[in-house]
Amino acid sequence: MVGLQVFEKILAGKDERIDLARACLMIAQDAYPGLDVERYMGEIESLALRLRTRIKNVGAAEDRVIALNEFLYEQLGYWGNTDDYYDPRNSYLNEVIDRKTGIPITLAILYMEIGRRIGLPLEGISFPGHFLLRLRMRSGVLILDPFSGGAPQSEPELRQRLQRVIPEGAAADVSVAELPLDQFLEPASNRQILARVLRNLKGIYRDTDKPERLLEVLNRMLIVSPDAAAELRDRGFAYQRLECWRPALQDLSRYLEREPEAADVDVVRAALVELSVRCARLN
């Protein structure tokens with residue numbers, strides 16, 4: 001619980017002041033209780049220092065991006081994990097740093113953290129189906145894919161990505177080719193980035209039926225997004241799986257208070273009846 005309190009404190013201020021890398025490493029402490037956050041923060045600083053030393057005479061943003069790509073992917077050997085995409089280690093920043101591989105969002109976080117330390121004000125983009133980064137420059141906006149070696153993304157490539165995740169006819173009679181790209185390229189807040197990392201872990205631990213890990217993730221999610229009713233419901237069911245009857249009863253009761261017209265109201269009410277009986281037996 002102490003870790004959750006510190007995590008909550010980190011997220012208490014304005015979004016732009018959230019230390020994204022530190023928050024990600026604190027998420028990893030659930031799976032790695034002995035994790036030394038300061039060691040990995042130091043590793044990120046060390047990588048940025050090494051890169052700053054070699055680009056001290058490089059001024060143009062485009063050239064800094066090229067140098068960052070060469071350093072991270074060619075020299076250090078980072079790569080997007082297409083072999084075992086749903087390995088939970090890909091979602092923990094310490095493992096990404098140690099193993100030099102990850103999924104789009106965690107590689108983007110590392111790329112962004114190093115990039116910002118060398119003068120590249122990179123921003124995350126919650127692009128449908130694949131997290132990307134953007135960099136505003138005088139000549140326009142550069143979209144990068146850290147999962148693919150930091151490759152710049154052209155408009156046709158971005159539309160192809162949309163085509164893969166948005167079915168035809170789903171956009172109010174407008175074809176994907178006609179959709180304005182700008183609406184998909186808005187920067188994600190630090191809270192939104194953390195929520196996406198946690199959603200990935202939630203999906204993995206739900207699908208692999210690991211309720212203890214799922215509960216840890218949901219505790220974090222409700223700090224990042226305290227008004228997320230669905231996460232409150234899911235935590236209630238996770239507590240129920242773990243036979244923590246009173247916390248389950250509390251969460252599911254609060255869920256129905258927030259969402260009295262929810263589609264799953266009958267399922268939740270049935271669970272509440274069972275939980276009320278079990279709690280009564282504890283007295």
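As a basis for the values below, the full set of heavy atoms in this structure was taken, side chains included, without hydrogen atoms, waters or symmetry mates.
- With rounding to the nearest 0.5 angstrom, the CD atom of E43 is 4.5 Å from the CG atom of L47.
- When all heavy atoms of G80 and F147 are compared, the closest pair comes out as CA-CE1, 3.3 Å.
- Formation of a donor-acceptor pair under 3.5 Å by the S46 side chain with backbone atoms of G42 is not found in this model.
- For the pair R191 (side chain) and L11 (backbone), a donor-acceptor distance under 3.5 Å is present.
- Note: the hydrophobic cluster containing I204 also contains I193 (ILVMFWY, side chain heavy atoms under 4.5 Å, direct or indirect links).
- A salt bridge links E155 to R159: one of the charged nitrogens lies within less than 4.0 Å of a carboxylate oxygen.
- Side-chain N or O atoms of D15 include none that pairs as donor or acceptor with a backbone N or O of S189 at under 3.5 Å.
- Listed for the R64 side chain is a donor-acceptor partner under 3.5 Å among the backbone atoms of I118.
- Between T101 and D84, the closest side-chain pair of non-hydrogen atoms is not below 4.5 Å.
- Counting heavy atoms from C-beta on, the side chains of V265 and P260 never come closer than 4.5 Å.
- Side-chain atoms of R116 come within 3.5 Å of backbone N or O of L122 as a donor-acceptor pair.
- Under the 4.5 Å side-chain heavy-atom criterion for Ile, Leu, Val, Met, Phe, Trp and Tyr, L49 and Y40 are members of distinct hydrophobic clusters.
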(request) Let me see the working for R233 and D264 under side-chain contact (heavy atoms from CB on, under 4.5 Å), right down to the final yes or no. (result) CA-CA 10 Å; R233 174 202 61 204; D264 58 357; 3.0 Å; yes
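- Between D98 and R39, at least one side-chain nitrogen of the basic residue sits less than 4.0 Å from a carboxylate oxygen of the acidic one, meeting the salt-bridge criterion.
- Side-chain contact between Q153 and I125 is absent, with no heavy-atom pair separated by less than 4.5 Å.
- Taken to the nearest 0.5 Å, the CZ atom of F71 stands 6.0 Å off from the CZ atom of R54.
- With hydrogens and angles disregarded, a donor-acceptor distance shorter than 3.5 Å links the side chain of R52 to the backbone of R117.
- Taking the side chain as every heavy atom from C-beta outward, P88 and K210 never approach each other to under 4.5 Å.
- At a threshold of 4.5 Å between side-chain heavy atoms, the hydrophobic network of Ile, Leu, Val, Met, Phe, Trp and Tyr places I55 and L76 in one connected group.
- A salt bridge does not link R254 to E257: none of the charged nitrogens lies less than 4.0 Å from a carboxylate oxygen.
- Y78 contributes a side-chain N or O that, together with a main-chain N or O of I97, makes up a donor-acceptor pair within less than 3.5 Å.
- No donor-acceptor distance shorter than 3.5 angstrom exists from the side chain of T106 to the backbone of S91, with no hydrogens or angles considered.
- In terms of heavy atoms, L185 sits closest to R134 at O-NH1, 2.9 Å.
- Residues E231 and S225 form no side-chain contact, since every pair of their non-hydrogen atoms from C-beta on lies 4.5 Å or further apart.
- Within the 4.5 Å cutoff, side-chain heavy atoms of F237 are placed close to those of V268.
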(message) Run the side-chain contact (heavy atoms from CB on, under 4.5 Å) test on Y73 and Y111 for me, step by step, so that the C-alpha distance in whole Å, both residues' side-chain angles and the decisive distance to 0.1 Å come before the verdict.
(response) CA-CA 10 Å; Y73 301 103; Y111 191 103; 3.4 Å; yes
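- Hydrophobic clustering (side-chain heavy atoms under 4.5 Å, transitive across Ile, Leu, Val, Met, Phe, Trp, Tyr) keeps L51 apart from I66.
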(request) Report the C-alpha distance between D234 and K202 in whole Å, list the side-chain angles of each, state the deciding distance to 0.1 Å, and finish with yes or no for salt bridge (Lys or Arg N to Asp or Glu O under 4.0 Å). (result) CA-CA 10 Å; D234 292 346; K202 176 186 174 182; 2.6 Å; yes
(message) Set out, in order, the CA-CA distance, both residues' side-chain angles and the distance that settles side-chain contact (heavy atoms from CB on, under 4.5 Å) for I27 and F7, then state yes or no.
(response) CA-CA 8 Å; I27 289 171; F7 186 70; 3.9 Å; yes
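- Hydrophobic clustering places L72 together with M41 (ILVMFWY residues linked when any side-chain heavy atoms are closer than 4.5 Å, directly or through intermediates).
- Taken from CG in N190 to NZ in K14, the straight-line distance is 14.0 Å, to the nearest 0.5 Å.
- Electrostatic pairing of R241 and D209 counts as a salt bridge here, judged by a charged N lying under 4.0 Å from a carboxylate O.
- Across all non-hydrogen atoms, the minimal contact from A28 to L35 is CB-CD1, 3.8 Å.
- Considering every non-hydrogen atom in both G129 and V165, the closest pair reads CA-CG1, 4.1 Å.
- Put simply, CG on N200 and CD1 on I103 are 4.5 Å apart, with the number rounded to the nearest 0.5 Å.
- Salt bridge annotation for D19-R22: present, with a cationic side-chain nitrogen under 4.0 angstrom from a carboxylate oxygen.
- For the pair I143 and P152, the minimum side-chain heavy-atom distance is 4.5 Å or more.
- At distances below 3.5 Å, not a single donor-acceptor pair connects side-chain atoms of E123 with backbone N or O atoms of P121.
- With rounding to the nearest 0.5 angstrom, the CE atom of M26 is 10.5 Å from the NZ atom of K9.
- Among all heavy-atom pairs drawn from E8 and I223, the shortest one is CA-CG2, 3.7 Å.
- By the 4.5 Å heavy-atom criterion applied to side chains, L144 and L132 are not counted as neighbours.
- Pairing each heavy atom of Q240 with each of A271, the nearest pair is NE2-CB, 4.1 Å.
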(message) Pair N90, R99 - check side-chain contact (heavy atoms from CB on, under 4.5 Å), show working.
(response) CA-CA 9 Å; N90 293 327; R99 300 169 65 233; 3.6 Å; yes
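- For Y86, the OH atom sits in a loose shell: 12 or fewer heavy atoms of surrounding residues, nucleotides or ligands are nearer than 6.0 Å.
- Between the CG atom in L120 and the CD1 atom in I114 there is a gap of 11.0 Å [rounded to 0.5 Å].
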